Amino acid sequence: MTSIADRIGGRVKQLIAEIINDGRLAEESAQEIRRAETAPPAKPFGNLDKLT
């Protein structure tokens, strides 16, 4: 998954965990959000700097 998808998925899980009061799901969402924040920045155009 990309960091953006991890962040969105984590936020959705966080919201659902709050609604249904599920601690395990809340921890899982926090892990996804942390993973997204520590991921290296995405390169949407690949390695364009190495083409020249």
Side-chain angles (χ1 to χ4, degrees):
M1 270 190 163
T2 65
S3 64
I4 294 171
D6 282 337
R7 187 173 295 164
I8 292 170
R11 298 291 181 194
V12 169
K13 283 183 181 180
Q14 186 179 34
L15 179 63
I16 293 171
E18 288 179 18
I19 291 171
I20 64 173
N21 198 20
D22 185 352
R24 182 190 58 81
L25 188 59
E27 181 58 36
E28 188 177 318
S29 69
Q31 288 175 357
E32 282 190 26
I33 293 168
R34 280 192 298 271
R35 182 174 49 239
E37 290 173 349
T38 59
K43 289 187 165 183
F45 298 110
N47 293 326
L48 290 178
D49 57 336
K50 297 186 185 218
L51 293 177
T52 57

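All residue numbers in this chain count up from 1 along the given sequence. Remember, predicted model here, so these are calculated numbers, not experimental data.
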* Nearest atoms (heavy-atom pairs only) where Ala26 meets Ala17 -> N-CB, 3.5 Å
* side chain to side chain contact (heavy atoms under 4.5 Å, CB included) involving Leu15 - partner list, sequence neighbours excluded -> Ile19
* To do: Taking all heavy atoms of Asp6 and all of Ala36, pick out the closest pair and write down the distance.
  => CB-CB, 3.7 Å
* Is Arg35 salt-bridged to Glu28, cutoff N-O under 4.0 Å? -> no
* Structure fact -> Output for pair (Gln14 CD, Ser29 OG), nearest 0.5 Å, gives 5.0 Å
* Are Val12 and Ile33 grouped together when hydrophobic residues (ILVMFWY) are joined by side-chain heavy atoms under 4.5 angstrom apart? -> no
* Asked: Is it the case that one hydrophobic cluster holds both Ile16 and Ile8, taking links as side-chain heavy atoms less than 4.5 Å apart, direct or via other members?
  -> yes
* Nearest-0.5 Å distance that lies between atom CZ in Arg11 and atom NZ in Lys13 -> 13.5 Å
